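Notes for the one structure printed next.
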Amino acid sequence: MLLNKQERAGAGVWHEHTSMSGIVVEGLRHLYRPKRGAPVLALEDVTLSVGDQEFIALLGPSGCGKSTLLYLMGGFLPVETGLITMDGAPVAGPGPDRGVVFQHFALFPWKTVLQNVLYGLERQPLARGEREARALAFIKMVGLSGFENNYPSQLSGGMKQRAAIARTLAIDPKALLMDEPFGALDAQTRHLMQTELLAIWRRSPKTVIFVTHDVQEAVYLAERIVVMSARPGRIKEIVTVGLDKADPELTRSSAFAQMSDHVWSLVRDEAIKAQAGVGP
Ligand SMILES: Nc1ncnc2c1ncn2[C@@H]1O[C@H](COP(=O)(O)OP(=O)(O)OP(=O)(O)O)[C@@H](O)[C@H]1O
Ligand SMILES: [Mg+2]
């Protein structure tokens with residue numbers, strides 16, 4: 001029987017990446033085979049190396065496979081063609097080393113905000129009181145103090161999103177996979193959350209893969225921006241941002257505007273192709 005790369009890695013035959021830290025994606029392809037309708041080729045030949053503690057933004061037109069790539073990295077979809085490793089080990093399923101914030105909120109509807117955040121901390125070696133203090137600190141950080149005992153159905157979309165972010169951040173995983181986490185937030189709250197996320201990343205460096213449609217958000221947050229092509233998603237270009245994130249005037253600088261224009265032009269070309277239904 002021929003093994004694919006993922007299986008060979010699982011079988012210990014694939015040694016080339018064992019010393020590699022961070023997340024490595026190689027020759028990844030993903031075909032959805034819905035029960036009804038034609039198969040959909042979502043990703044084709046995606047190769048990407050994300051360094052340990054690197055902050056990557058993922059941009060690309062709607063439907064180009066960003067969420068699919070994150071599900072695969074998170075281990076929520078099986079890798080059929082190609083390989084994904086985290087710190088040299090093949091990703092074979094979800095794990096506590098990778099915290100995920102999904103595009104569509106995944107709070108437990110029968111648990112309160114506090115219970116949802118505590119759930120993520122259950123496996124941590126903390127005393128009960130410490131767990132609760134940690135959960136409350138993250139709830140406060142995302143601006144949900146006073147809503148600890150609310151159920152998700154009693155929250156707005158943006159509040160649910162913030163509760164899901166608090167739950168994932170509280171676990172302090174080695175890698176954060178975030179799928180449009182600030183998409184439902186108003187501009188003011190979005191800005192606060194961006195600043196907070198950068199502060200957390202500086203305090204407790206971790207690998208971040210952040211999907212967004214907002215070019216300025218990508219330029220503000222990421223060290224490198226991966227621009228994907230229209231479906232089937234391939235990597236079109238990887239842009240190194242290289243701006244001083246600590247500069248309080250950064251977003252008003254001409255370097256920021258130039259970088260945003262450059263990235264925007266790459267994304268716009270792909271969005272036009274996606275709308276025309278023409279793959280590359
Ligand atoms: N379960 C599924 N079955 C069949 N096709 C799917 C499934 N999930 C996604 N797709 C298709 O795969 C492609 C990629 O979807 P994906 O959700 O990864 O895109 P995306 O880049 O995250 O889009 P958006 O920016 O709108 O969130 C789309 O064409 C979508 O229709
Ligand atoms: Mg998506």
Side-chain angles (χ1 to χ4, degrees), residues 23 25-48 50 56-84 91 93-94 98-107 157-158 160-162 164-165 168 175-185 190 193-194 197 208-219 221-222 224-239 260 263-280:
I23 301 176
V25 178
E26 249 193 45
L28 186 69
R29 178 179 194 269
H30 191 81
L31 184 71
Y32 284 106
R33 296 183 195 83
K35 286 206 179 72
R36 269 178 238 164
V40 179
L41 184 59
L43 295 173
E44 177 80 296
D45 197 22
V46 173
T47 293
L48 172 68
V50 182
I56 290 272
L58 205 53
L59 278 174
S62 180
C64 77
K66 303 178 297 296
S67 295
T68 304
L69 181 55
L70 239 62
Y71 292 147
L72 287 158
M73 286 175 164
F76 294 91
L77 279 178
V79 175
E80 291 177 349
T81 311
L83 176 71
I84 304 180
V91 166
R98 283 153 291 136
V100 188
V101 178
F102 289 116
Q103 184 172 9
H104 305 288
F105 337 102
L107 294 171
K160 283 186 223 175
Q161 209 168 32
R162 283 182 279 153
I165 292 165
T168 302
L176 273 176
L177 309 175
M178 307 180 91
D179 199 353
E180 300 190 40
F182 305 154
L185 306 182
R190 182 173 244 220
M193 294 291 295
Q194 289 167 346
L197 179 63
V208 184
I209 305 197
F210 188 103
V211 175
T212 177
H213 279 287
D214 182 333
V215 170
Q216 297 208 340
E217 180 170 74
V219 175
L221 291 175
R224 285 194 300 157
I225 298 175
V226 175
V227 180
M228 289 177 66
S229 67
R231 186 165 64 82
R234 291 186 176 88
I235 290 178
K236 178 189 169 93
E237 197 156 325
I238 300 180
V239 180
S260 302
V263 175
W264 176 240
S265 68
L266 295 172
V267 175
R268 190 191 44 207
D269 290 350
E270 291 309 315
I272 292 168
K273 281 187 208 160
Q275 262 201 339
V278 191

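Worth saying up front: this structure is predicted, and the values here are computed from it rather than measured. Read the numbers this way: they start at 1 and go in the same order the structure lists the ligands and their atoms.
Proximity of atom 30 (C) of ligand 1 to the protein is not indicated, since no non-hydrogen protein atom lies closer than 4.0 angstrom. Less than 4.0 angstrom separates atom 25 (O) of ligand 1 from at least one non-hydrogen atom of the protein.
In this structure, a donor-acceptor pair under 3.5 Å is present between the side chains of His213 and Glu180.
Residue Arg231 approaches ligand 1 through these ligand atoms, each under 4.0 Å from one of its heavy atoms: 13 (C), 28 (C), 29 (O). Short contacts between ligand 1 and Glu180, defined as distances under 4.0 Å to a heavy atom of the residue, involve ligand atoms 25 (O), 27 (O). With ligand atoms numbered from 1 in the order given, ligand 1 contributes 25 (O) to contacts under 4.0 Å with heavy atoms of His213.
Of the charged side-chain nitrogens involved, none lies within less than 4.0 Å of a carboxylate oxygen, so that Arg231 and Glu270 do not count as a salt-bridged pair.
The closest side-chain heavy-atom distance from Asp45 to Arg29 is not below 4.5 Å. Proximity of Leu69 to Leu58: side-chain heavy atoms (C-beta onward) are separated by under 4.5 Å at one or more points. With contacts defined as side-chain heavy-atom distances shorter than 4.5 Å, the pair Leu83/Val25 does not qualify. Residues Leu70 and Ile209 meet the side-chain proximity criterion, which asks for heavy atoms closer than 4.5 Å. Side-chain contact between Leu77 and Tyr32: present, with at least one pair of heavy atoms (C-beta onward) separated by less than 4.5 Å.
Among Gly183, Gly63, Ala38, Ser62, the residue whose heavy atom lies nearest to atom 28 (C) of ligand 1 is Gly63.
Arg98 places a side-chain N or O within 3.5 Å of a backbone atom of Gly74 that can act as its donor or acceptor partner. A donor-acceptor pair is defined here as one N or O able to donate and one able to accept, closer than 3.5 Å; no such pair exists between the side chain of Lys66 and the backbone of Gly233. At least one donor-acceptor pair closer than 3.5 Å links the side chain of Arg190 to the backbone N or O of Phe182.
In this structure, Gly65 is part of the shell of residues with a heavy atom less than 4.0 angstrom from ligand 1. Under the 4.0 angstrom criterion for non-hydrogen atoms, Met228 is not in contact with ligand 1. Within the 4.0 Å heavy-atom cutoff, Arg33 does not count among the residues contacting ligand 1.
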Derivation of the side chain to side chain contact (heavy atoms under 4.5 Å, CB included) call for Gln194 and Leu221: CA-CA 7 Å; Gln194 289 167 346; Leu221 291 175; 4.1 Å; yes

Derivation and outcome, side chain to side chain contact (heavy atoms under 4.5 Å, CB included), residues Met228 and Leu59: CA-CA 6 Å; Met228 289 177 66; Leu59 278 174; over 6 Å; no

Stepwise side chain to side chain contact (heavy atoms under 4.5 Å, CB included) check, Asp269 with Lys236: CA-CA 11 Å; Asp269 290 350; Lys236 178 189 169 93; 4.2 Å; yes

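The distance criterion of under 3.5 Å between nitrogen or oxygen atoms is not met by Ala42 with respect to ligand 1.
Sorted by chain and number, the protein atoms of type N, O or S within less than 2.8 Å of the Mg ion (ligand 2) are Ser67 OG, Gln103 OE1.
The protein heavy atom nearest to atom 27 (O) of ligand 1 is Gln103 NE2, 2.9 Å. With respect to atom 17 (O) of ligand 1, the closest heavy atom belonging to the protein is Ser67 CB, 3.7 Å. The protein heavy-atom contact nearest to atom 15 (O) of ligand 1 is Thr68 OG1, 3.8 Å. Residue, atom and distance of the protein heavy atom nearest to atom 6 (C) of ligand 1 are Tyr32 CD1, 3.4 Å.
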